[in-house]
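All values below come from the heavy atoms of this structure, side chains included, with hydrogens, waters and symmetry mates left out.
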Amino acid sequence: MALQWMILAYVVAAEAAVAVVLTLPSPKAIRSRIVSVISLILQPSLFVIPFAGFQLLDIYWKNEHRLMCTGEVCTAAERDRYEKSIYKSQRNAVLCVGACLLYWCIYRVCKYHRDIETMEETEKRYKEQ
């Protein structure tokens, strides 16, 4: 189970790096190359959305079926383990939501860039006529 979270953490880190590269100011020629490469990578990396969704469902299911440890029959160690599992599930949920949100942001930035290029080409054609 830890391998899935490690993979998702690496994917989120890679998405964050790509988002930073996309938003850094750069010359127009370099930016268009970067956006075209990232646009090619976006479609195969769409797997992160259903993967993160499945992980969120797993978190929800485990949360619904978790044994509650709030009474006085719980020892301090059991209570600590319970709280630790709650914190881990919250962290993992943030990781899943972050993966989806970063993917969406990268997709939108690439789409906006392509739309701007299309508008610039259209404007250039109208000026030439």
inquiry  = Check this for me: Glu64, atom CD, are more than 12 non-hydrogen atoms of other residues, nucleotides or ligands nearer than 6.0 Å?
reply    = yes
query = Would Phe47 end up clustered with Tyr107 when hydrophobic side chains under 4.5 Å apart are linked, directly or stepwise?
reply = yes
request  = May I ask you to decide whether Asp80 forms a salt bridge with Lys84, counting only side-chain N to carboxylate O separations under 4.0 Å?
outcome  = no
task = Give me the one residue out of Asn63, Ile59, Asp58 that meets side-chain contact (heavy atoms from CB on, under 4.5 Å) with Ser89.
result = Ile59
request  = Mind running side chain to side chain contact (heavy atoms under 4.5 Å, CB included) on His113 and Ile116 for me, showing each step along the way?
outcome  = CA-CA 5 Å; His113 183 73; Ile116 288 171; 5.5 Å; no
Neighbour count >12 (heavy atoms, 6.0 Å) for atom CZ, Phe51 = yes
task = Answer yes if Ile30 and Leu22 sit in the same cluster of Ile, Leu, Val, Met, Phe, Trp and Tyr residues linked by side chain heavy atoms under 4.5 Å apart, and no otherwise.
result = yes
ask   = Any side-chain heavy atom of Trp5 sitting closer than 4.5 Å to one from Cys96?
value = yes
Candidate list Val48, Ile49, Leu42, test side-chain contact (heavy atoms from CB on, under 4.5 Å), partner Leu46, passing option = Ile49
same_hphob_cluster(Leu95, Tyr87) at 4.5 Å side-chain heavy-atom cutoff = no
key: Basic-acidic side-chain contact under 4.0 Å: Lys127, Glu123   = yes
ask   = Can you name the nearest heavy-atom pair linking Leu8 to Ala99, along with the distance?
value = CD1-CB, 4.1 Å
task = Not counting sequence neighbours, which residues clear salt bridge (charged side-chain N to carboxylate O under 4.0 Å, His left out) with Lys88? List them please.
result = none
